[in-house]
Amino acid sequence: MTSLSTKSYSTRGEQHAHPLARRLFDIAEAKQSNLVLSADFTDSKSLLQAADSLGPYLAVFKTHVDLVSDFDSSTVKGLNELAKKHNFLIFEDRKLVDIGSTVQKQYHGGVLHISEFAHLVNLSILGGDGIVDALTQTVNAPNFPYPGERAFLILAEMTSKGSIAVGSYTEKCIELARKNPKSMLGFVATRALSDLLPSAGIAGEDFIVFTTGVNIASKGDNLGQQYQTPSDAVARGADFIIAGRGIYASEDPTKTAQEYRQAGWNAYLTRVGQST
Ligand code: 5BU
């Protein structure tokens, strides 16, 4: 189902065919969190410190490791250790977009070693189906070292003003996800996308919606970012809410992360009809 889900995370986890989705829903239930931190730090120390101090409140830690000026194998090691310590997944917001052969090398190998630490990576289908086929092949290859532990999110919409990731582009994202449920876990989108899916969906499908641009205190920035609150995002279909500056640039990031976690969780309980 790609329409707005009113099922609990535990039910979705029990019913989901993908082991990584089951793990993600388990984490959400265990930590009572649907919060993702957008950890846009520019040095390893700050990145790892944020993962350690805010990790207890997060379901997922979202990175842009190409922002990290001293990124190396110790950053990868640190991220992996902290993901285990605090039981969160890592999502590299790399927005892979190239031809199939190139993205395979960017994802599994290369200077960023994305497959070694990122449970989830997002991609854009601007170049057509090849990227989806290529990455699906990579994670399903017999010698891939993390079977069942890696998957992708399709960038179906963007939060920035004037985004052209709309309409037939977004519909094509859904079509490709439906063809590849063993590797495409869901979407980065601002809402449930149910208007593009008037049909009931295919039996058993359950794509997960991650929503960026979440902020309690601001409506946007002066570079085109547009925000919605945690409760609005979840009410519109976000399964996981992603917040960056709203948390890490606040006066007390630990306290703010807890507030965002609570706001996201309460909105989820309301959506699934459980009391808060
Ligand atoms: P912010 O500090 O909460 O504005 O950070 C937003 C993060 O989400 C940042 O890492 C962006 O690259 C990312 N992002 C986004 O803002 N909008 C989108 O549509 C997508 C990603 Br996809």
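Side-chain atoms are counted along with the backbone in the values below, which use heavy atoms only and exclude waters and symmetry mates. Counting convention: from 1, in listed order, for ligands and their atoms alike.
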CA sep, side-chain torsions, deciding dist, call: Ser38, Lys62, side chain to side chain donor-acceptor pair (under 3.5 Å): CA-CA 5 Å; Ser38 222; Lys62 183 174 85 62; 2.9 Å; yes
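Contact annotation for Leu155 and ligand 1: only side-chain heavy atoms (C-beta onward) come within less than 4.0 Å of the ligand. Contact annotation for Arg245 and ligand 1: heavy atoms of both the backbone and the side chain come within less than 4.0 Å of the ligand. Of all the heavy atoms of Asn215, none lies under 4.0 Å from any atom of ligand 1, so neither backbone nor side chain is involved. Residue contacts with ligand 1 for Thr159 involve both N, CA, C or O and side-chain atoms from C-beta outward (heavy atoms, distance under 4.0 Å).
The only option from Phe187, Phe210, Phe61, Phe207 that meets the ring pair (Phe, Tyr, Trp, His ring centres under 6.0 Å) definition with Phe240 turns out to be Phe210.
In terms of protein heavy atoms, atom 7 (C) of ligand 1 is closest to Ser38 OG, 3.0 Å. Nearest protein neighbour of atom 12 (O) of ligand 1, counting heavy atoms only, is His64 NE2, 2.9 Å. Atom 3 (O) of ligand 1 has as its closest protein heavy atom Gly244 N, 2.9 Å. Here the heavy atom of the protein found nearest to atom 13 (C) of ligand 1 is Asp93 OD2, 3.4 Å. Summary of contacts: the protein heavy atom closest to atom 20 (C) of ligand 1 is Thr212 OG1, 3.5 Å. The protein heavy atom nearest to atom 10 (O) of ligand 1 is Asp40 OD2, 2.7 Å.
Side-chain atoms of Glu92 and Phe117, non-hydrogen and from C-beta on, do get closer than 4.5 Å to each other. Looking at heavy atoms from C-beta onward, Asn34 lies in side-chain contact with Ile241 at the 4.5 angstrom threshold. Counting heavy atoms from C-beta outward, His86 and Lys31 have side chains that approach closer than 4.5 Å.
Residues Arg271 and Asp239 are paired through a salt bridge, judged by an N-O separation under 4.0 Å between the basic side chain and the carboxylate. Of the charged side-chain nitrogens involved, at least one lies within less than 4.0 Å of a carboxylate oxygen, so that Lys172 and Glu175 count as a salt-bridged pair. Comment: Arg23 does not engage Glu149 in a salt bridge, judged by the lack of any side-chain N to carboxylate O separation of less than 4.0 angstrom.
Taking every heavy atom of Val188 and a limit of under 4.0 angstrom, the matching atoms of ligand 1 come to 22 (Br). In the vicinity of Tyr227, heavy-atom distances shorter than 4.0 Å reach the ligand 1 atoms 1 (P), 2 (O), 3 (O), 4 (O). Close approach of ligand 1 to Gln225 is summarised as follows: ligand atoms under 4.0 Å from at least one heavy atom of the residue are 4 (O), 6 (C), 15 (C), 16 (O).
Between Lys62 and ligand 1, at least one pair of N/O atoms sits closer than 3.5 Å. Geometrically, ligand 1 and Tyr248 share no nitrogen or oxygen pair separated by less than 3.5 Å.
Between the side chain of Thr211 and the backbone N or O of Ala189, at least one donor-acceptor pair lies under 3.5 Å.
No more than 12 heavy atoms of other residues, nucleotides or ligands shown are found within 6.0 angstrom of NZ on Lys45.
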